[in-house]
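As the structure is a computational prediction, the values presented were derived from the model and not from experiment.
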Amino acid sequence: MAKYRQNRINEEMQKELMGILRRVKDPRVQDAFLSVTAVDCTADLKYAKIYYSALNGDPREIAKGLKAASGFIRRELAHSLNLRITPELSFLQDSSITYGAHIASILNNLEISEPEEEEEIEETDGGF
């Protein structure tokens, strides 16, 4: 399969998953404010890795909730996308957003000090 087609499928799956995750009734998933950051399908479309980040909740409980709801999510994905094969979904937590927020908070807490003006030192010609 051409790489551009695989990228289009990944992007379309990401968009559809955002809508599907809002309809999941599991409170572990519903209350977590999930965001799908990336989707990576294999070339044969049998497997897909779904990278997500969560704003609230226990990461272990969210992972359990997503695993429990994966059948519903896969079925809804099959209804919305017109693919011959609906991939088997595996959910992986993406910590890049939390890491970026952590780095931003460190940078915001740094004190910005202006460099002191260096006094010009007058050099004397020592007869050179």
Among the clusters formed by ILVMFWY side chains lying less than 4.5 Å apart, do [X] and [Y] turn up in the same one?
{"X": "Val39", "Y": "Ile9", "value": "yes"}
{"X": "Leu45", "Y": "Met13", "value": "yes"}
{"X": "Leu55", "Y": "Tyr51", "value": "no"}

For residues 63-70, dump all side-chain donor-acceptor pairs below 3.5 Å to protein atoms at least two apart in sequence or in another chain.
from  : atom 1 : to    : atom 2 : distance (Å)
Ser70 : OG     : Lys67 : O      : 2.9

Other residues, nucleotides, ligands: >12 heavy atoms within 6.0 Å of Tyr47 OH: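 Atom OH in Tyr47 is not crowded, with 12 or fewer foreign heavy atoms closer than 6.0 Å.
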Please report the interatomic distance [atom1]([X]) to [atom2]([Y]), rounded to the nearest 0.5 Å.
{"X": "Arg22", "Y": "Ile20", "atom1": "CZ", "atom2": "CD1", "result": "11.0 Å"}
{"X": "Ile50", "Y": "Gln14", "atom1": "CD1", "atom2": "CD", "result": "9.0 Å"}
{"X": "Met18", "Y": "Ser35", "atom1": "CE", "atom2": "OG", "result": "4.5 Å"}

Side-chain donor-acceptor pairs under 3.5 Å in residues 24-34, sequence neighbours left out?
from  : atom 1 : to    : atom 2 : distance (Å)
Asp26 : OD1    : Arg28 : N      : 3.1
Asp26 : OD1    : Arg28 : NE     : 3.3
Asp26 : OD2    : Arg28 : NE     : 3.3
Asp26 : OD2    : Arg28 : NH2    : 2.9

For Asn7, side-chain contact (heavy atoms from CB on, under 4.5 Å) partners two or more places apart: Lys3, Asn10
Give me the other members of the hydrophobic cluster that Leu110 sits in, counting Ile, Leu, Val, Met, Phe, Trp and Tyr linked by side-chain heavy atoms under 4.5 Å, directly or via other members. Tyr99, Ile103, Leu107
Only distances under 3.5 Å count here; give the side-chain donor-acceptor pairs of residues 74-94 to other protein atoms, sequence neighbours excluded, each with its distance to 0.1 Å.
from  : atom 1 : to    : atom 2 : distance (Å)
Arg74 : NE     : Thr86 : O      : 3.3
Arg74 : NE     : Pro87 : O      : 3.2
Arg74 : NH2    : Thr86 : O      : 2.7
Glu76 : OE1    : Arg23 : NH2    : 3.1
Ser80 : OG     : Glu16 : OE1    : 3.3
Ser80 : OG     : Glu76 : O      : 3.2
Ser80 : OG     : Leu77 : O      : 3.2
Ser90 : OG     : Ala48 : O      : 3.4
Asp94 : OD1    : Ser96 : N      : 3.3
Asp94 : OD1    : Ser96 : OG     : 3.1
Asp94 : OD2    : Thr37 : OG1    : 2.7
Asp94 : OD2    : Ser96 : OG     : 3.2

